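Please read the structure below before turning to the comments.
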Amino acid sequence: MIRFVLRFLGLLALALGFIFLFYDGTKSIADQTVYIISVESTWTDSHQSSLTSEQPAHERRAGAWAWEGLVKPYFLDQPVSLVLAVIGAILILLGRKKKPLIGYARD
């Protein structure tokens, strides 16, 4: 059951990543300028108070260096389509079925 949920969430994340990639592409073609939506702008547009409350909580637990040095450049400043595609791929890999061992009996 858990594998099914992981695969479903992974496919959902991949589909959302593709939708955001399609949105960026159509907006870029329409304006003849490259638009790439970041995770931070998407998070701010959807629920700004949760992002502003997450920063002090994260800095309190891991320190200010972790927010500015790790979370912001490696997560919040990345394109949302790329982040969703990576998360989706990881979830699908975690939910895949185990390959049977060749030559060994499994009880």
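Keep in mind that this is a model prediction, so the values were computed, not measured. If you read the sequence from its start, that first residue is 1, and numbering goes on from there.
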Looking only at non-hydrogen atoms, find the nearest pair between [X] and [Y] and report the distance.
X	Y	value
W43	S50	NE1-OG, 2.8 Å
S81	G17	CB-O, 3.3 Å
H58	A66	NE2-CB, 4.1 Å

Measure the spacing between [atom1] of [X] and [atom2] of [Y] and express it to the nearest 0.5 Å.
X	Y	atom1	atom2	result
T52	H47	OG1	NE2	9.0 Å
R7	K97	CZ	NZ	5.5 Å
R60	Q55	CZ	CD	12.0 Å

Group every Ile, Leu, Val, Met, Phe, Trp and Tyr by side-chain heavy-atom contacts under 4.5 Å, then state whether [X] and [Y] land in the same group.
X	Y	answer
V83	L21	no
L16	F18	no
F75	W67	yes
L14	F22	no
F20	I36	no

Mind jotting down which residue pairs meet the side chain to side chain donor-acceptor pair (under 3.5 Å) criterion with at least one end in residues 29-40? Sequence neighbours excluded, please.
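Checked against side chain to side chain donor-acceptor pair (under 3.5 Å) - neighbours excluded - the pairs reaching residues 29-40 are D31-Y35, S38-S41, E40-K72.
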The single option from L94, L11, I92, I90 passing side chain to side chain contact (heavy atoms under 4.5 Å, CB included) against L6
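One option only clears the test, and that one is L94.
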Taking the hydrophobic residues Ile, Leu, Val, Met, Phe, Trp and Tyr, and joining any pair whose side-chain heavy atoms are under 4.5 Å apart, which ones share a cluster with W65?
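Direct or chained contacts put W65 with L70, Y74.
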Student check: side-chain heavy atoms of L51 and L76 closer than 4.5 Å
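L51 reaches L76 side chain to side chain.
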Can you list every pair that meets salt bridge (Lys or Arg N to Asp or Glu O under 4.0 Å) and has a residue in residues 9-25, with sequence neighbours left out?
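Pairs touching residues 9-25 that pass the test: none.
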